[in-house]
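We're numbering straight along the sequence, starting at 1. For the numbers below, each heavy atom of this structure counts, side chains included, while hydrogens, waters and symmetry mates do not.
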Amino acid sequence: MPPSHRTVQVKATAAVQRAVLPADEPALQSYLSAMQHAVAQVGYGPQYTAAMLNAPRDDLVAVEFLPEAAFDQTPGPHAGEPLRKERQP
């Protein structure tokens with residue numbers, strides 16, 4: 001069972017796909033670390049996650065966009081609602 005089923009949908013009217021650059025490496029490493037932490041919560045070691053996410057850099061792409069709206073897509077009573085800073089009970 002995953003530690004969370006939280007899902008967010010982000011919408012933008014424009015996006016640009018580009019090659020991954022050396023400047024993107026800190027973000028890639030941060031993502032790997034976060035995924036290793038999350039997957040460890042369900043019993044898999046960091047080597048498993050590193051292997052799962054191992055891909056040649058030439059196979060990766062970066063997508064740049066400016067989010068204009070975000071929605072809760074987590075299963076439950078608030079699915080589809082716009083995200084807010086604070087949700088009223």
Considering only heavy atoms from C-beta outward, does the side chain of [X] approach that of [Y] to under 4.5 Å?
X     : Y     : result
Val8  : Leu83 : yes
Tyr48 : Val39 : yes
Phe65 : Val10 : yes
Met52 : Met35 : yes
Lys11 : Glu68 : no
Leu32 : Leu28 : no

Q: Could you identify which residues cluster with Val61, counting Ile, Leu, Val, Met, Phe, Trp and Tyr as linked when any side-chain heavy atoms lie under 4.5 Å apart, either directly or through a chain of such contacts?
A: none
Q. Where is the tightest heavy-atom contact between Ala55 and Leu60, given as atom of each residue plus distance?
A. CB-CD2, 4.1 Å
Q: Heavy atoms only: give me the nearest Ala19-Asp24 pair and the separation to one decimal.
A: O-OD2, 4.2 Å
Q | Test ring pair (Phe, Tyr, Trp, His ring centres under 6.0 Å) applied to Tyr31 - qualifying residues, sequence neighbours left out | A | none
**Q.** Gap between atom CD of Gln47 and atom CD of Gln36 - 0.5 Å precision
**A.** 8.0 Å
**Q.** Euclidean distance, His37 NE2 relative to Thr49 OG1, rounded to 0.5 Å
**A.** 11.5 Å
Q.
According to salt bridge (Lys or Arg N to Asp or Glu O under 4.0 Å), does anything in residues 42-64 pair up with another residue at least two apart or in another chain? List the pairs.
A. Arg18-Glu64, Glu25-Arg57
